[in-house]
Each structure stands twice: as C-alpha cells, then as structure tokens.
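Please read the structure below before turning to the comments.
Please read all numbers here as calculations on a predicted model, not as lab measurements. In this chain, numbering begins with 1 at the start of the sequence shown.
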Amino acid sequence: MGSAPPIPATDWLPEDSETESISLSDGRRLAYATYGDADGYPVLFCHGTPGSHVAARLLAAPARERGINLIAPDRPGIGNSEDAAVTFEDWPDDAANLLSHLDVDAAGAVGFSGGGAFALACHRLPEIERIALLGSSGPPSIGSTGRVQQFVGALSRHAPWALGRLFRLQRWFALRRDPSYAVGFVAEETPETDALAADEVARVVRADMLTSMARGPSGIIREQRLLSQPWPFALEDISVPVTVFQGRNDANVAPSTGNALAQRLPDASFESVDSDHLGTLTAAGDGALAAVQRRTRV
C-alpha cells in the first residue's frame with residue numbers, strides 16, 4: 001500500500017492535547033486531560049467509541065466561559081491509558097479514582113456517543129450530581145444504530161480480529177488523508193463552533209480518531225462489544241437527573257434512541273437538536289455543560 005509517509009503526531013495533535021496520568025490500584029496508568037476553567041465546577045467528559053480525550057477540545061471554549069473544569073480521561077486501551085478488561089461495571093471505579101486524585105467531591109458527567117453508556121454507569125458514584133448525553137448510544141433493547149455500527153458490533157462479538165484489521169486500516173488512511181476523511185465517519189459535513197473554524201474542528205476530529213488507536217484497537221473493540229450487548233445496569237435505577245440531547249439527522253445513532261432513553265430514565269429531559277452526530281456535540285455541547293453545572297455554589 002504505497003503512499004506518502006504518515007504525518008508526524010506534532011502536525012495533527014492540538015497543542016493542548018498533552019495528558020497527565022494517575023496510577024490505579026492495580027498498577028495501570030490512566031491518562032486524562034483537562035480543558036476550560038481549572039478552578040471551575042468539575043465535569044467528567046466520557047468520549048465516544050472510537051474516541052479519546054481529544055474530543056473534549058471541542059467543548060473547551062464553552063467550558064471556560066461557563067467556569068467548568070472539563071476532565072477528559074482516556075478509557076483503558078485508549079490514548080495513553082493502559083489496557084485492561086474494564087467493563088461498564090468497572091469503569092466507575094476508574095473514574096472515582098481520577099476524581100479522588102483531583103480532590104473532586106461533586107461533579108457532573110457528559111457522555112458523547114458510545115461514551116453515554118460510560119457516563120450513565122457513573123450514576124452510582126456519590127460525586128456525580130447530574131448527567132448529560134449527547135447523541136448517546138442506547139442498550140440494544142431500546143435503540144438502533146446505523147448499518148455501519150451494526151456491522152461493527154457484530155464483528156466485535158464474532159470476529160474481533162477482522163475488526164482490528166479494519167480499525168488499523170482506517171487509522172492508516174486517516175494518517176495520510178485530509179482531516180475530512182475522519183469527519184466522514186461522524187458527520188455529513190464539518191461543523192464549526194463559535195471558537196473553532198470548520199477546518200480546526202476537522203483537525204480535532206482526526207486527532208481524536210488517531211489518538212483512540214494509539215495503542216492499537218483492542219480497547220475500542222472491547223467497548224464496541226460492550227455496547228452491542230445488554231448493559232449490566234437498568235436505566236430505571238438511575239436516579240440522578242439526566243438531560244438527553246439527540247440529533248434529528250444523526251446517522252450513527254437513530255433519533256428514536258434519544259427519545260427512548262429519556263422515557264426510560266426516571267428523571268430525564270429531552271432536547272432535539274437540528275444536526276447530525278458530530279453536530280450534536282458541537283451544537284448542543286454548551287447546553288449539555290449548562291445542564292450538568294451545579295445550580296448554586298456551596
């Protein structure tokens with residue numbers, strides 16, 4: 001497969017993409033980045049699948065304006081986080097360790113796409129006061145996904161080796177092509193934000209894709225498998241307030257999924273967004289931050 005050599009990481013990573021890390025009780029390293037206001041109200045950002053902490057860069061400006069400290073960890077096997085067989089039941093313990101390390105005793109959580117399940121799994125943490133979902137996947141019993149996502153889910157369960165080759169091929173192309181190649185997996189066209197032009201958004205999206213597979217595809221394959229199977233917690237048991245934002249033109253997650261999530265969650269509100277999958281993150285991200293921000297400071 002001949003082509004120009006891959007672009008050096010220094011050329012595709014945003015300048016503020018460097019991560020810090022903590023050591024967990026089992027010796028693993030968990031990497032994370034922070035965006036926005038370092039002294040602000042903490043919000044845990046759960047990236048998509050595939051995805052990484054880099055996606056939180058798209059919400060850095062509204063987080064800063066709202067006085068929010070956006071905490072964006074790379075889940076196991078992603079970016080600089082060491083891999084492990086972490087499930088939806090295990091992830092809240094990793095998140096709790098990170099929040100404790102940062103001396104956080106109260107926080108919100110925002111989950112984008114496949115990260116919505118990981119944000120919801122954190123409902124059992126006493127630190128989590130509110131949750132917002134942006135174009136979130138739902139458990140197989142209530143939601144449907146696009147054909148590509150169905151195909152990926154099936155491969156993750158039955159032929160993970162083939163899915164690994166597919167993800168490696170996608171990364172190979174993403175390293176050598178224009179950023180619009182990566183955007184094509186999550187949007188019909190590249191959106192822009194108040195702080196970032198469309199070409200800057202595309203660069204962040206490509207960096208997010210490349211970072212998600214920096215350690216190989218094993219972490220993504222595991223998460224795809226988890227998302228395609230019944231979730232180990234009941235939506236009806238989630239008592240914290242949840243705000244669901246769903247794009248009306250989302251080709252990755254069926255618009256009906258957002259409605260179904262809001263109907264099943266005991267304390268939920270629903271907001272429809274006139275956008276596609278990535279556009280839900282960029283257009284409704286500020287609303288999601290507002291939804292989880294503590295109403296009164298104590």
Side-chain angles (χ1 to χ4, degrees), residues 41-49 51 55-56 59 68 70-71 75 87-96 99 106-146 149 153 223-224 226-250 252-277 279-281 283-295:
Y41 178 69
V43 172
L44 181 71
F45 179 83
C46 297
H47 61 71
T49 304
L59 302 185
I68 284 176
L70 197 60
I71 303 165
R75 293 191 293 272
T87 66
F88 289 140
E89 295 166 301
D90 303 320
W91 168 245
D93 295 329
D94 285 4
L99 295 177
V110 171
F112 170 58
S113 192
F118 291 90
L120 288 173
C122 290
H123 78 276
R124 66 177 173 83
L125 299 181
E127 296 88 350
I128 300 301
E129 299 181 320
R130 294 174 185 81
I131 297 172
L133 305 177
L134 291 158
S136 174
S137 301
S141 60
I142 72 162
S144 61
T145 58
Q149 286 67 38
E223 290 194 355
Q224 292 285 2
L226 292 173
L227 290 166
S228 67
Q229 297 173 340
W231 295 1
F233 56 89
L235 296 176
E236 290 79 6
D237 292 338
I238 298 175
S239 58
V240 299
V242 180
T243 306
V244 181
F245 297 86
Q246 177 64 55
R248 291 194 288 274
N249 305 313
D250 194 329
N252 293 60
V253 176
S256 60
T257 300
N259 273 304
L261 282 169
Q263 291 171 7
R264 290 275 296 276
L265 292 162
D267 185 1
S269 58
F270 176 79
E271 293 196 28
S272 182
V273 184
D274 185 20
S275 193
D276 57 20
H277 195 59
T280 300
L281 174 62
D286 180 57
L289 296 177
V292 299
Q293 190 170 24
R294 178 177 283 178
R295 304 300 192 267

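Partners of Asp250 by salt bridge (Lys or Arg N to Asp or Glu O under 4.0 Å), not counting sequence neighbours: none found. Taking Asp274 as the reference, Arg248, Asn249 meet the side-chain contact (heavy atoms from CB on, under 4.5 Å) condition, with sequence neighbours excluded. Partners of Ser239 under the side chain to side chain donor-acceptor pair (under 3.5 Å) rule, at least two apart in sequence or in another chain, do not exist in this structure.
Looking at Ser141 and Trp231, their side chains never come closer than 4.5 Å, going by heavy atoms from C-beta outward. Side-chain atoms of Thr49 and Arg75, non-hydrogen and from C-beta on, do get closer than 4.5 Å to each other. Counting heavy atoms from C-beta outward, Asp267 and Val240 have side chains that stay 4.5 Å or more apart. Annotation: side chain of Phe88 is in contact with side chain of Leu226 (closest heavy-atom distance under 4.5 Å). For the pair Ile68/Gln293, a side-chain contact is recorded, criterion being any heavy-atom separation below 4.5 Å from C-beta on. You'll find the side chain of Ile131 stays beyond 4.5 Å of the side chain of Thr243, heavy atoms only.
Formation of a donor-acceptor pair under 3.5 Å by the His123 side chain with backbone atoms of Leu235 is not found in this model. A distance-only check finds no donor-acceptor pair linking the side chain of Thr257 to the backbone of Val253 [under 3.5 Å].
Residue pairs meeting the salt bridge (charged side-chain N to carboxylate O under 4.0 Å, His left out) criterion with at least one partner in residues 119-129, sequence neighbours excluded, are Asp93-Arg124, Glu129-Arg294.
Residues Ser228 and Pro140 approach most closely at O-CG, 3.4 Å, considering heavy atoms.
Taken to the nearest 0.5 Å, the CD1 atom of Ile128 stands 5.5 Å off from the CG atom of Leu99. For the atom pair CG of Leu281 and CG of Asp276, the computed distance is 10.5 Å after rounding to the nearest 0.5 Å.
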Side-chain polar contacts of residues 107-122 - donor-acceptor pairs under 3.5 angstrom, sequence neighbours left out - could you list them?
from, atom 1, to, atom 2, distance (Å)
Ser113, OG, His277, NE2, 2.8

Table please: side-chain donor-acceptor pairs of residues 258-266 below 3.5 Å, with sequence neighbours left out.
from, atom 1, to, atom 2, distance (Å)
Arg264, NE, Glu236, OE2, 2.5
Arg264, NH2, Glu236, OE2, 3.4

For this session: Check step by step if side chain to side chain contact (heavy atoms under 4.5 Å, CB included) holds for Val43 and Ile71.
Result: CA-CA 6 Å; Val43 172; Ile71 303 165; over 6 Å; no

